[in-house]
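Everything on this sheet refers to the single structure shown next.
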Amino acid sequence: MPAASPSSSSQPAHRLNHARSEAVFAAARELIPGGVNSPARAFGGVGGTPIVMDRGEGPYLYDIDGNRYLDYIGSWGPHILGHRHPRVTAAIHAAVDRGTSFGAPCEAENELARMVVDAVPSIEMVRMTNSGTEATMSAIRVARGYTKRDRLIKFAGCYHGHVDSLLVSAGSGALTHGVPSSPGIPASVTAHTTVLEYNDCQALEEAFRSSPGEYAAVILEPVVGNMGLVIPSREFLNTLRNLCTEHGTVLIFDEVMTGFRLSYGGAQELFGITPDMTTLGKIIGGGMPVGAYGGRAEIMKQVSPVGPVYQAGTLSGNPVAMASGIATLTALQEENPYPRLTDYTDRLAQGLSKLATKHGLPHTCPHVGSMITLFFNPEIVTGYEVAKHSDTKRFARFFHGMLERGLYLACSQYEAHFVSAALTEEHLVQTLAAADEALADVARIA
Ligand SMILES: *Cc1c(COP(=O)(O)O)cnc(C)c1O
């Protein structure tokens with residue numbers, strides 16, 4: 001029986017008490033739109049009330065009612081080492097004791113920049129920001145400044161933060177201009193953005209053929225986490241690299257999620273494909289607000305104050321955030337958890353798949369490195385068109401079944417789960433035991 005709370009591991013799952021959580025969240029709704037400071041936390045895709053958390057420890061999250069959860073999100077990516085890794089916590093404390101922000105250069109900026117340059121094949125120079133959104137927004141601006149072109153290609157279902165020009169849906173017809181996917185974004189802003197289907201080499205070739213020399217940049221998640229896990233084909237990656245080179249277009253890998261996760265050098269190291277620019281975030285801040293963008297020196301020298309492309313940040317390169325990032329990357333180098341993470345995730349995927357089959361539920365369970373999604377979808381998800389046919393009702397039932405049993409999953413079918421280095425063999429057994437019961441529930445309502 002999986003542990004549902006620290007006090008009584010045999011307590012029936014449905015008796016988790018969320019009284020305080022519900023009261024605090026009700027108050028939050030009066031103060032903050034939807035009660036959340038980022039919509040991904042709002043349980044919009046699964047229903048119910050978000051759980052208000054109190055603290056994290058290793059593989060666990062504890063809510064304010066005292067319930068304990070095995071965490072498969074890790075703050076949506078940053079906590080690859082688990083919560084409160086001693087090295088990271090100590091580094092943050094030491095940095096705070098010397099001051100929280102200087103508005104002037106500090107040595108820690110060089111140290112993290114050096115680690116990023118050494119790790120990520122495409123990055124010769126790097127600029128720190130405070131979020132992944134700032135990183136992608138800035139990379140797009142630099143690519144446009146460098147190429148002196150306006151047009152962009154992005155792929156349906158890839159998320160690059162809430163950047164105006166990238167919050168865009170495909171128009172009708174494969175090669176039309178994108179339309180804004182949120183009010184507040186002028187159509188003139190997204191008119192420069194072409195949206196294509198992920199893994200569709202033909203559409204990509206057609207786009208370049210019909211507008212040669214017009215695209216400033218192609219941006220993509222080199223493994224997609226943000227429509228559930230979608231893996232690129234080798235042909236797709238090669239086509240991207242070749243077409244961008246041929247047309248002088250800047251290829252941007254958005255590795256905010258995959259950087260330092262799929263391998264220490266990210267997806268580009270794993271696949272052996274080097275983009276022109278890379279964006280980072282999440283893990284490089286170790287749980288503090290950090291983003292970064294970088295690339296070849298020739299491109300990065302476009303950035304102010306050496307170049308004409310303006311980009312800035314009052315708190316960018318913040319000493320506490322840098323210390324947290326340095327400690328996280330140092331721990332990753334020393335502990336090299338990647339083989340263990342991959343092994344755990346492989347076995348989790350095999351286990352979930354076997355259980356879903358046992359309960360007669362059509363599914364696929366793609367996984368790479370420490371990222372995994374159980375799609376309630378019989379087809380292999382190659383892009384957004386297939387992803388959107390997933391059975392989100394079944395996912396919602398699965399999510400709540402797992403939550404009741406003390407497992408904290410991503411609250412949407414269209415997210416990847418993240419395995420952390422704090423998870424052990426025992427947790428794998430616990431997770432699969434809970435999944436067996438939760439999937440039986442899903443099958444009952446099917
Ligand atoms: C999370 C994410 C972002 C946005 O980062 P924020 O820090 O939330 O602004 C951008 N790109 C990808 C691939 C992400 O997963």
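The basis for the numbers below is simple: all heavy atoms, side chains too, and nothing from hydrogens, waters or symmetry mates. One-based numbering, in listed order, for ligands and for the atoms of each. The chain is numbered in sequence order, starting from 1.
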> Among Ala40, Ser38, Gly132, which residue places a heavy atom closest to atom 6 (P) of ligand 1?
Replying inline: Gly132
>> Suppose we measure from atom 3 (C) of ligand 1 to each protein heavy atom; which comes out shortest, and what is that distance?
In response: Val256 CG1, 3.7 Å
>> List ligand 1 atoms under 4.0 Å from Ser131, heavy atoms only on the residue side.
In response: 7 (O), 9 (O)
>> Could you check whether atom OH of Tyr338 has more than 12 heavy atoms from other residues, nucleotides or ligands sitting under 6.0 Å from it?
In response: yes
> Any side-chain donor paired with an acceptor under 3.5 Å for Gln311 and Arg127?
Replying inline: yes
> Within a reach of under 6.0 Å around CD1 of Ile32, are more than 12 heavy atoms found that belong to other residues, nucleotides or ligands?
Replying inline: yes
>> Using a 4.0 Å cut-off to any heavy atom of Glu221, which atoms of ligand 1 qualify?
In response: 13 (C)
>> I'd like to know whether CZ of Arg296 has more than 12 heavy-atom contacts from other residues, nucleotides or ligands below 6.0 angstrom.
In response: yes
> What do you reckon, does Thr136 have a nitrogen or oxygen under 3.5 Å from a nitrogen or oxygen of ligand 1?
Replying inline: no
> With a cut-off of 4.0 Å, which atoms of ligand 1 are near a heavy atom of Gly161?
Replying inline: 3 (C), 4 (C), 10 (C)
> Do you know which of Val126, Thr278, Val142 makes side-chain contact (heavy atoms from CB on, under 4.5 Å) with Tyr293?
Replying inline: Val142
>> Only heavy atoms of His160, strictly under 4.0 Å: list the atoms of ligand 1 that pass.
In response: 10 (C), 11 (N)
> If you count the atoms of ligand 1 from 1 in the order shown, which ones are under 4.0 Å from a heavy atom of Asp254?
Replying inline: 10 (C), 11 (N), 12 (C), 13 (C)
> Going by atom types only, do Thr330 and Arg87 share a side-chain donor-acceptor pair under 3.5 Å?
Replying inline: no
> Can you check side chain to side chain contact (heavy atoms under 4.5 Å, CB included) on Ile219 and His160, steps first, answer last?
Replying inline: CA-CA 8 Å; Ile219 186 166; His160 305 292; 3.8 Å; yes
> Under 4.0 Å from any heavy atom of Tyr159, which atoms of ligand 1 are there?
Replying inline: 11 (N), 12 (C), 13 (C)
> For ligand 1, does Lys282 get within less than 4.0 Å through its side chain, its backbone, both, or neither, judged by non-hydrogen atoms?
Replying inline: side chain
>> Could you check whether Asp54 pairs with Arg68 (Lys NZ or Arg NE/NH1/NH2 to Asp/Glu carboxylate O, under 4.0 Å)?
In response: no
>> Show the atoms of ligand 1 that are less than 4.0 angstrom away from any heavy atom in Asn226.
In response: 12 (C), 13 (C), 14 (C), 15 (O)
> What atoms of ligand 1 come closer than 4.0 angstrom to any heavy atom of Thr133?
Replying inline: 4 (C), 5 (O), 6 (P), 9 (O)
>> Looking at Glu134 and Ser316, would you say the former's side chain and the latter's main chain have a donor-acceptor pair under 3.5 Å?
In response: no
> What part of Thr258, side chain, backbone, both or neither, has a heavy atom within less than 4.0 angstrom of ligand 1?
Replying inline: neither
